[in-house]
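In what follows, a structure is listed as structure tokens, so that the remarks can point back to it.
What you see is a predicted model; the values in this text were computed from it and never measured.
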Amino acid sequence: MTIKDDLDYSTYLDVDHLLALQKVRSDPPEHDEMLFIVIHQVYELWFKLLIHELDKIGQDFDSSDLTGATSTWKRCCKILKVLVHQLDVLETMTPLSFKSFRDRLDTASGFQSRQFRELEFFLGYKRQGMLRFFGANSEDRRHVQRRLEEPSLVDRFRRFLEQRGLSASKTNRQNPVTSPTGPDALIQEQILRLYRADDEMVPLFELMTDFDEGLQEWRYRHYMVVLRTIGDRKGTGGSEGAGFLKESLFAPIFPDLWAIRGRM
């Protein structure tokens with residue numbers, strides 16, 4: 001492999017461009033605004049990687065690649081742990097520090113994170129009303145709409161199980177693809193049977209449960225950070241703030257894997 005003379009660490013990673021993206025808007029600059037910007041930009045990078053990895057898992061399910069899916073779920077679980085720990089850093093910012101530059105956010109809000117909505121929709125937590133946070137003809141809206149209208153990862157997981165001889169109920173088969181994922185009693189019975197009879201599938205089920213638990217942990221910690229920072233006030237950009245985040249707490253992505261826990 002030949003290494004070009006002009007390619008080094010900085011140019012390969014485009015570091016100069018990356019470091020120019022942190023634009024503090026307060027004047028005079030508020031110290032903690034840099035923290036706020038960096039944390040959220042890093043989150044967007046992790047969201048990008050999660051989407052990349054989950055797309056790969058979807059392809060693994062489509063091709064019935066159990067080993068590939070299991071390996072990538074391990075990585076996704078590790079990424080979620082990092083997402084949770086980053087909130088420890090954000091919590092070092094006091095409510096007064098945030099208030100000092102909050103007005104500079106204007107109409108910007110975390111509710112407008114295209115990638116997080118893509119993640120939610122791809123994982124089956126589909127809420128068409130969330131499209132209102134994106135401009136009608138915007139590129140962000142186009143990406144989120146595509147995830148809304150394509151099969152979720154849960155749909156592809158269930159098809160993966162069908163390839164291994166299982167079957168989903170007619171009710172879930174007939175649900176519109178834009179509907180949120182719901183539990184399936186027939187699938188639960190068959191997953192329970194696989195837990196008892198197929199040692200190869202058990203690590204996959206456990207990793208998916210780990211991921212689901214990690215996502216719920218992140219949601220809870222995120223909710224508490226918002227509550228700690230702005231209390232029950234409205235969020236920026238007209239968002240509902242902590243009250244809206246509370247609605248998604250403890251809503252599992254893979255309800256079938258949780259429903260069978262008490263029957264093992």
Side-chain angles (χ1 to χ4, degrees), residues 46-81 115-128 143-216 218 248 251-264:
W46 284 123
F47 292 160
K48 182 174 184 175
L49 183 57
L50 267 179
I51 291 171
H52 178 71
E53 300 297 343
L54 292 171
D55 271 330
K56 190 259 186 187
I57 291 173
Q59 294 166 15
D60 290 336
F61 284 158
D62 291 345
S63 61
S64 199
D65 184 354
L66 174 60
T67 301
T70 301
S71 176
T72 308
W73 275 119
K74 288 180 183 178
R75 179 178 295 173
C76 290
C77 290
K78 298 294 186 183
I79 294 171
L80 270 182
K81 289 184 182 296
Q115 292 194 117
F116 188 70
R117 295 304 159 213
E118 284 191 76
L119 271 172
E120 284 193 324
F121 286 5
F122 188 49
L123 289 169
Y125 190 45
K126 295 183 177 183
R127 295 168 292 171
Q128 194 151 359
H143 280 271
V144 178
Q145 185 87 38
R146 179 175 68 85
R147 294 291 182 178
L148 178 68
E149 295 173 353
E150 71 180 17
S152 71
L153 191 61
V154 179
D155 295 326
R156 294 164 83 171
F157 169 62
R158 287 174 174 169
R159 287 206 298 260
F160 165 72
L161 294 179
E162 289 176 20
Q163 293 171 22
R164 303 180 75 87
L166 280 70
S167 59
S169 68
K170 288 184 178 180
T171 301
N172 273 299
R173 282 178 174 275
Q174 294 168 354
N175 283 343
V177 72
T178 55
S179 299
T181 300
D184 187 319
L186 183 57
I187 284 286
Q188 291 166 23
E189 291 296 328
Q190 295 173 91
I191 290 177
L192 190 57
R193 177 169 57 81
L194 285 176
Y195 256 105
R196 294 167 176 161
D198 191 338
D199 291 341
E200 286 187 334
M201 293 292 289
V202 172
L204 174 68
F205 295 153
E206 287 299 292
L207 282 166
M208 292 173 67
T209 307
D210 287 344
F211 180 87
D212 205 340
E213 184 177 348
L215 184 60
Q216 292 180 56
W218 184 82
S248 61
I253 295 298
F254 306 116
D256 298 325
L257 293 173
W258 292 97
I260 63 174
R261 293 284 146 178
R263 300 171 57 196
M264 290 185 181

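- Take K126 and apply the salt bridge (charged side-chain N to carboxylate O under 4.0 Å, His left out) test, not counting sequence neighbours, and it matches no residue.
- One finds no salt bridge joining R159 and E162 here, because no Lys/Arg side-chain nitrogen approaches an Asp/Glu carboxylate oxygen to under 4.0 Å.
- Residues R158 and T181 meet the side-chain proximity criterion, which asks for heavy atoms closer than 4.5 Å.
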TODO: Start with the C-alpha distance between L204 and F61, add both sets of side-chain angles, then the distance that settles side-chain contact (heavy atoms from CB on, under 4.5 Å), and finish with yes or no.
DONE: CA-CA 11 Å; L204 174 68; F61 284 158; 4.2 Å; yes

TODO: Could you please spell out the steps behind the side-chain hydrogen bond (donor to acceptor under 3.5 Å, both in side chains) verdict for E206 and Y195?
DONE: CA-CA 10 Å; E206 287 299 292; Y195 256 105; 2.5 Å; yes

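- The CZ atom of F157 sits 13.5 Å away from the CD1 atom of I253 when rounded to the nearest 0.5 Å.
- A donor-acceptor contact closer than 3.5 angstrom is absent between the side chains of Q59 and D55.
- Side-chain contact check for D155 and S152: at least one donor-acceptor pair (N or O, by modelled atom type) lies under 3.5 Å.
- Among the candidates R117, E120, E118, the single residue satisfying the side chain to side chain contact (heavy atoms under 4.5 Å, CB included) test with R147 is E118.
- If you look at F205 and W258, their ring centroids are not closer than 6.0 Å.
- Annotation for P252 and Q216: closest pair CA-NE2, 3.8 Å, computed over non-hydrogen atoms.
- Considering only heavy atoms from C-beta on, Q115 stays 4.5 Å or farther from L119 through its side chain.
- One finds the CD atom of E53 at 11.5 Å from the SG atom of C77 (value rounded to the nearest 0.5 Å).
- With hydrogens and angles ignored, the 3.5 Å screen pairs a side-chain donor or acceptor of D60 with a backbone N or O of A69.
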- [ ] Mind running side-chain contact (heavy atoms from CB on, under 4.5 Å) on I57 and M208 for me, showing each step along the way?
- [x] CA-CA 11 Å; I57 291 173; M208 292 173 67; over 6 Å; no

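- Using a 4.5 Å heavy-atom threshold, the side chains of L148 and R127 count as separate.
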TODO: Apply ring pair (Phe, Tyr, Trp, His ring centres under 6.0 Å) to W218 and F211, showing your working.
DONE: CA-CA 10 Å; W218 184 82; F211 180 87; over 10 Å; no

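- Here the CE atom belonging to M201 is positioned 8.0 Å from the OG1 atom belonging to T70, to the nearest 0.5 angstrom.
- For D210 and K74, the salt-bridge test fails: no basic side-chain N is under 4.0 Å from an acidic carboxylate O.
- One finds the CZ atom of R156 at 14.0 Å from the CG atom of L161 (value rounded to the nearest 0.5 Å).
- Residues meeting the salt bridge (charged side-chain N to carboxylate O under 4.0 Å, His left out) test with R196, sequence neighbours left out: none.
- By the neighbour-count criterion of 12 heavy atoms within 6.0 Å, atom CD of E200 is sparsely surrounded, having that number or fewer from other residues, nucleotides or ligands.
- Partners of E189 by salt bridge (charged side-chain N to carboxylate O under 4.0 Å, His left out), not counting sequence neighbours, listed by chain and number: R263.
- Taking CG of L54 as the start and CZ of F122 as the end, the distance is 6.5 Å to the nearest 0.5 Å.
- By the 4.5 Å heavy-atom criterion applied to side chains, L49 and H52 are counted as neighbours.
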Open item on the list: Would L66 and R164 count as a side-chain contact (heavy atoms from CB on, under 4.5 Å) here? Give the steps.
Closed with: CA-CA 10 Å; L66 174 60; R164 303 180 75 87; 4.1 Å; yes

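- Shown here for E149 and V177, the closest heavy-atom pair between the two residues is O-CG1, 3.4 Å.
- Counting only distance, with no hydrogens or angles, the side chain of K56 and the backbone of G68 share a donor-acceptor pair below 3.5 Å.
- Judged by distance alone, with hydrogens and angles left aside, the side-chain atoms of D256 form a donor-acceptor pair with the main-chain N or O of D184 at under 3.5 Å.
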Open item on the list: Go through it in stages, so that I can follow the logic: the residues are V154 and L123, the test is side-chain contact (heavy atoms from CB on, under 4.5 Å), and I'd like the CA-CA distance, side-chain angles, deciding distance and then a yes or no.
Closed with: CA-CA 6 Å; V154 179; L123 289 169; 5.9 Å; no

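- Atom-to-atom distance recorded for L50:CG and F116:CZ is 10.0 Å, nearest 0.5 angstrom.
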